[in-house]
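Heads up, the thing below is written out as structure tokens.
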Amino acid sequence: MQITDETIEYVGILAKLELSDEEKEQSKKDLSDMLDYVGKLNELDTSDVQPMSHTFPISNVMREDVVTNGDDKENMLKNAPESNEDAYVVPNTF
């Protein structure tokens, strides 16, 4: 695929970049090189390769949900500027 000046202009607009003429030429060369590399990768025979979503095996690790700090209302309410029985007192918000 040939990268044209119009393609570089369009990519610059999408990326919100103002490219100089020198940067446009360099970008055109870089994009062409990338597409050539992808083309080489497409030539590889991957018929015996299993599809995968990750490069390494992962599994969801689940653990028991164990409460470690318990019900420590008294100490939590000590930090509140104002409290009423078992609750925080906050200013009205409406």
Side-chain angles (χ1 to χ4, degrees):
M1 179 180 176
Q2 183 65 24
I3 302 296
T4 63
D5 291 333
E6 291 81 25
T7 305
I8 296 298
E9 288 286 334
Y10 184 66
V11 170
I13 290 169
L14 290 176
K16 297 185 180 188
L17 297 174
E18 291 183 26
L19 300 173
S20 66
D21 290 339
E22 187 177 292
E23 290 171 328
K24 288 177 186 176
E25 287 302 317
Q26 183 63 42
S27 297
K28 193 185 320 185
K29 180 188 175 305
D30 291 344
L31 284 174
S32 292
D33 290 346
M34 285 186 250
L35 289 176
D36 289 343
Y37 183 71
V38 170
K40 286 181 184 177
L41 291 176
N42 284 334
E43 294 173 6
L44 294 174
D45 179 23
T46 58
S47 58
D48 294 333
V49 178
Q50 293 289 332
M52 61 182 173
S53 60
H54 298 284
T55 57
F56 54 91
I58 63 168
S59 60
N60 195 3
V61 179
M62 304 297 280
R63 64 174 174 79
E64 287 294 318
D65 189 15
V66 179
V67 177
T68 57
N69 61 352
D71 185 20
D72 198 13
K73 282 189 236 176
E74 291 175 15
N75 283 331
M76 288 189 286
L77 289 173
K78 283 182 189 176
N79 294 326
E82 230 182 303
S83 63
N84 183 7
E85 295 178 18
D86 291 341
Y88 295 104
V89 175
V90 296
N92 292 335
T93 56
F94 55 92

Note to self: Which heavy atom of Asn75 sits nearest to which heavy atom of Asp72, and what is that distance?
What the structure shows: ND2-OD2, 3.0 Å

Check: Any idea which heavy atoms bring Glu23 and Glu18 closest together, and the distance?
Finding: OE1-O, 3.9 Å

Notebook entry, point to check: CD1 of Ile3 to CG of Leu35: how many Å apart, nearest 0.5 Å?
Noted result: 4.5 Å

Margin query: For Lys40 and Glu43: C-alpha separation, side-chain torsions, deciding distance, then whether salt bridge (charged side-chain N to carboxylate O under 4.0 Å, His left out) applies.
Written below: CA-CA 5 Å; Lys40 286 181 184 177; Glu43 294 173 6; over 6 Å; no

Note to self: Once rounded to the nearest 0.5 Å, what's the spacing between atom CG of Leu19 and atom CD of Glu25?
What the structure shows: 11.0 Å

Check: Can you name the closest pair of heavy atoms from Glu85 and Leu77 and give their distance?
Finding: O-CD1, 3.4 Å

Margin query: Within a 6.0 Å radius of atom OH on Tyr10, are there more than 12 heavy atoms belonging to other residues, nucleotides or ligands?
Written below: no

Checklist line | Point-to-point distance, once rounded to the nearest 0.5 Å, from NZ of Lys28 to CD of Glu9 | finding: 10.0 Å

Check: Honestly curious: do Leu14 and Ile8 fall in one hydrophobic cluster under the side-chain, below-4.5 Å linking rule?
Finding: no

Check: Which heavy atom in Lys73 sits nearest to a heavy atom in Asp86, and how many Å separate them?
Finding: NZ-OD2, 3.8 Å

